[in-house]
Protein chains: 2
Amino acid sequence: MNRLPVAERREQLIEAALAVASRDGIDAATVRAIAAEAGVSLGVVHYCFQDKDELLRAMAHAITSQNLARSLGDLPERADLDTVVDGVIDALWTGISESRGPQLLSYELTTSSLRHAELNQVAIEQYRGQWSAVEQVLELIERTAQVGWTIPRSLVARAVVAVIDGYSLAWLVDGDGEQARAGLQGFGQFLKTLTVPVALEPDVDERAAVGAPDGATA
Amino acid sequence: MNRLPVAERREQLIEAALAVASRDGIDAATVRAIAAEAGVSLGVVHYCFQDKDELLRAMAHAITSQNLARSLGDLPERADLDTVVDGVIDALWTGISESRGPQLLSYELTTSSLRHAELNQVAIEQYRGQWSAVEQVLELIERTAQVGWTIPRSLVARAVVAVIDGYSLAWLVDGDGEQARAGLQGFGQFLKTLTVPVALEPDVDERAAVGAPDGATA
DNA sequence: GGTCGTCCTGGTCGGTTGTCCAAGTCAAGT
DNA sequence: ACTTGACTTGGACAACCGACCAGGACGACC
């Protein structure tokens, strides 16, 4: 096989691990299976990574980076609240429903991280990334539809991630994507009731919310 | 060791498997670990169960039965909507937050079921049980607070399970139980907006909802 | 008290896993 | 041409896994 500098070989192995784990589950992502998927021999893996855990951590990190990059890819123009919220939810759910394997893998990674000490940081990084990504989407909604929130934005983001997780899990189990999409759209309706229009200023930086003056966001 | 009829030994092994898997994760629930936890020798497990998978399926079934029984245990008396909804959510979250291990195990079981063909039925049974349990709780709310729903009850149940799953996952990851409780209470507020008061009849059997005349519940 | 079916024991087997290592291969620099 | 260092190879190892089995121990029933 062709020789590669260790940095590129690492990325190739990370992609191979991602492919195997997404297709066959995290338990099937053995060192041998990953090496075979990448088309390299067994020893290469431990030449590029000290542990199998280091490879899995790198794979998880790649996932969160991808998610964060993907969620910020689709940015609509100026539109009213209904259009932008429905559009964001629709794009988001389409992205999820088209990647069943990776979505399931992310839950496997979460549970594994919560059990095995050597993967401890994986889950929290995963969720910190999701929360902050959703917060950025929420900021985009604020700017696009000229609204603010009646509760702190971080709480809204947490709720969004929770609802998405819940409906995604249900969809993974029973395969009913239409019901999941409908449920998320219903949640979108609820989200709109948490907004208040904000008229002035082309860029509202912060504290666009009314009421709830005890912002405890760190 | 004392001799037991195979039926009782099976239940003991199921409990032992539940204990090991809740404490150390589903991967740690090996045949040897379960036998050691139960205080029996290795061969007993394959004497009582044909497969390890059969034992795991029995364990999963025991979990869903417990959950279903537990969720119907706490039934308040006649009260107004705010009291009963807040009370149900509080009791439900208390039950979850006091059993971190089993809660995490249920997610491990779900993902494992979705990957391994021999556990295929586990996840769907798990969720069918949860959906129907929540539906029964919703019926209890209807009777207690004299209300109906503006959308089909099954969709409400699905939303409830999804939101609980999402906040539970977040809580498992970051350990912030207070934020999870607050988020669920906020969802409870939203739930109340989906209700309509229903005045007459001591027992309203079905079709207490207004609008949405296309009931598609099978 | 002897017999028979139920239950238990502990070792063994083949297979898989992560990890390691001695040797081999290749390209670049002198 | 030769050396040096980076990269690759494939086998070996111990540990662990689920599954299996020959045999021992126990209690109930005739």
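This one's a predicted model, so the numbers in the text were calculated from it and none came from an experiment. The sequence lines fix the lettering, A, B, ..., with proteins before strands; numbering per chain opens at 1.
With hydrogens and angles left out, the side-chain atoms of A:Glu142 and A:Trp149 include a donor and acceptor closer than 3.5 Å. With no hydrogens or angles considered, a side-chain donor-acceptor pair links B:Thr110 and B:Gln126 at under 3.5 Å. No side-chain donor-acceptor contact under 3.5 Å links B:Thr64 and B:Glu125.
Shown here are the ring pair (Phe, Tyr, Trp, His ring centres under 6.0 Å) partners of B:Tyr127, two or more places apart in sequence or in another chain: B:Trp131. Looking at residues two or more places apart in sequence or on another chain, you find no ring pair (Phe, Tyr, Trp, His ring centres under 6.0 Å) involving A:Tyr107. Under the side chain to side chain donor-acceptor pair (under 3.5 Å) criterion, A:Thr111 pairs with no residue, sequence neighbours left out.
In this model, the phosphate group of D:dA6 is not approached by any side-chain N or O of A:Arg9 to a distance below 4.0 Å at OP1 or OP2. Considering only side-chain N and O atoms, B:Tyr47 lies nowhere under 4.0 angstrom from the phosphate OP1 or OP2 of C:dC8.
Taking atom CD of residue A:Glu118 and atom C1' of nucleotide C:dT19, one finds them 15 Å apart after rounding to whole Å. If you measure from atom CG of B:Leu13 to atom C1' of C:dC7, you get 13 Å, rounded to the nearest angstrom. Straight-line distance from the CG atom of B:Leu55 to the P atom of D:dC17: 15 Å, rounded to whole Å. Between B:Asp27 atom CG and C:dG18 atom P the separation is 12 Å, expressed in whole Å. Taking atom CG on A:Asn2 and atom P on C:dT25, their separation rounds to 17 Å, with Å as the unit. Between A:Glu54 atom CD and C:dT19 atom P the separation is 11 Å, expressed in whole Å. Separating the CZ atom of B:Arg10 from the P atom of C:dC7 is a distance of 12 Å, rounded to the nearest angstrom. To the nearest angstrom, P of C:dT17 lies 12 Å from CG of A:Asp24.
Each side-chain hydrogen bond (donor to acceptor under 3.5 Å, both in side chains) pair with one or both residues in residues 27-47 of chain A, not counting sequence neighbours, appears once here: A:Arg23-A:Glu37.
B:Val45 comes within 4.0 angstrom of no nucleic acid atom, judged by non-hydrogen atoms across all strands.
Between B:Glu8 and B:Arg3 there is no salt bridge, since no side-chain N of the basic residue sits under 4.0 Å from a carboxylate O of the acidic one. Looking at B:Asp176 and A:Arg158, no side-chain N of the basic residue comes within less than 4.0 Å of a carboxylate O on the acidic one, giving no salt bridge.
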Taking only nitrogen or oxygen atoms into account, show me every contact under 3.5 Å that the protein makes with nucleotides 18-20 of chain D, one pair per line with its distance.
{"unit_1": "D:dG18", "atom_1": "OP1", "unit_2": "B:Lys52", "atom_2": "NZ", "d": "2.8"}
{"unit_1": "D:dG18", "atom_1": "OP2", "unit_2": "B:Val31", "atom_2": "N", "d": "3.0"}
{"unit_1": "D:dG18", "atom_1": "N7", "unit_2": "B:Arg32", "atom_2": "NH1", "d": "2.8"}
{"unit_1": "D:dG18", "atom_1": "O6", "unit_2": "B:Arg32", "atom_2": "NH2", "d": "2.9"}
{"unit_1": "D:dA19", "atom_1": "OP1", "unit_2": "B:Asp51", "atom_2": "OD1", "d": "3.1"}
{"unit_1": "D:dA19", "atom_1": "OP2", "unit_2": "B:His46", "atom_2": "NE2", "d": "3.0"}
{"unit_1": "D:dA19", "atom_1": "OP2", "unit_2": "B:Lys52", "atom_2": "N", "d": "3.0"}

Pairs under 3.5 angstrom, nitrogen or oxygen only, protein versus nucleotides 22-30 of chain D, please.
{"unit_1": "D:dC26", "atom_1": "O2", "unit_2": "B:Arg3", "atom_2": "NH2", "d": "3.3"}

